Amino acid sequence: NLIYCLFFDKVYNMFQCLNKKKIKDKAYRIVTEKKNKANLKKFVSVPYSGRVVFVPQCMRNIKNCKAKEVGGYYICAECGSCKISAISKKSRELGYKALYILKGGRIVEKLVDELDAKAILGVACFYEGTEGMKLCEKKKIPVQFVPLAKDGCVDTDVDVEQVIKALETK
């Protein structure tokens, strides 16, 4: 009986943990959808030349990436080894001010200040995206956020078509 109780307790706790993650992810999704909707009008009022794109380094193909490392971020070389390349090309074609591959969320504030960004398109996991949106909200910078389709800090993924649609938003 004791072994059964311990096993059941572990399974129950694991279920609770997974359930909490689902609830938390759902909460993040709701918050970001509301903030995207609230920011959309201001975001589209900014011309492409005033917009900056932030993507996470976890999307890079580390083995083949040719991006140039500059302090807390990378500059995409558009080498084609990952999805960032397509996002970078499209943002450049549209005339975006810049695209940065961020090593971490903390660099966002510094870059926002340095670049005098008028609007941000961010790609990240829900946690980092929500934190970035809060920061930009304090600075009164409209943000559109596209969550990663697969997160986890390494080998992440995003729906490129969703990002391109957000890039093209007028």
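Position 1 is the first residue of the sequence; numbering continues from there. Worth saying up front: this structure is predicted, and the values here are computed from it rather than measured.
- Across all their heavy atoms, V112 and K139 have their closest contact at CG1-CD, 4.0 Å.
- Two residues are said to be in side-chain contact when any heavy atoms from C-beta on lie closer than 4.5 Å; P56 and V123 meet this criterion.
- V31 and L135 are not part of a single hydrophobic cluster, where members link through side-chain heavy atoms under 4.5 Å apart.
- Summarising the geometry of Q144 relative to N36, their closest heavy-atom pair is NE2-O, 2.8 Å, with the distance given to 0.1 Å.
- In plain terms, the two heavy atoms of I120 and A117 that are nearest each other are CD1-CB, 3.7 Å.
- In the hydrophobic cluster analysis, where Ile, Leu, Val, Met, Phe, Trp and Tyr join through side-chain heavy atoms closer than 4.5 angstrom, M59 is grouped together with V160.
- Closest approach of G129 to F145, counting heavy atoms only: CA-CE1, 3.4 Å.
- A heavy-atom distance below 4.5 Å is not found between the side chains of V163 and V55.
- A distance of 11.0 Å separates CD of E114 from CD of E109, quoted to the nearest 0.5 Å.
- For K103 against G71, the heavy-atom pair with the smallest separation is NZ-O, 2.8 Å.
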Self-check item: Chi angles and distances behind the side-chain contact (heavy atoms from CB on, under 4.5 Å) call for V108, E128
Solution: CA-CA 10 Å; V108 171; E128 291 292 343; over 6 Å; no

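- Of the residues L111, V143, I107, the one that meets the side chain to side chain contact (heavy atoms under 4.5 Å, CB included) test with F54 is L111.
- Comment: E137 does not engage K134 in a salt bridge, judged by the lack of any side-chain N to carboxylate O separation of less than 4.0 angstrom.
- Inter-residue side-chain proximity for I87 and V158 is flagged as met; some heavy-atom pair is nearer than 4.5 Å.
- Applying the side-chain hydrogen bond (donor to acceptor under 3.5 Å, both in side chains) test to residues at least two apart or on different chains, the pairs with a partner in residues 72-81 are R60-Y74, E78-S88, E78-R92.
- Surrounding NZ of K110 are at most 12 heavy atoms belonging to other residues, nucleotides or ligands under 6.0 Å away.
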Self-check item: Check against side-chain contact (heavy atoms from CB on, under 4.5 Å), V53 and Y100
Solution: CA-CA 6 Å; V53 182; Y100 293 93; over 6 Å; no

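- L167 is listed as a side-chain neighbour of Y96, based on a closest heavy-atom distance under 4.5 Å.
- In this structure a side-chain-to-backbone donor-acceptor pair under 3.5 Å is missing from S85 to C82.
- Under the 4.5 Å side-chain contact rule for hydrophobic residues, V46 and L99 do not share a cluster.
- One hydrophobic cluster, built from ILVMFWY side chains closer than 4.5 Å, holds both L94 and L121.
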Quiz prompt | Residues I75, I101; criterion side-chain contact (heavy atoms from CB on, under 4.5 Å); working and verdict | solution = CA-CA 6 Å; I75 301 295; I101 305 167; over 6 Å; no

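- Salt-bridge annotation for K97 and D116: absent, with no side-chain N of the basic residue lying under 4.0 Å from a carboxylate O of the acidic one.
- Residues P142 and F43 share a closest heavy-atom pair of CB-N, 3.6 Å.
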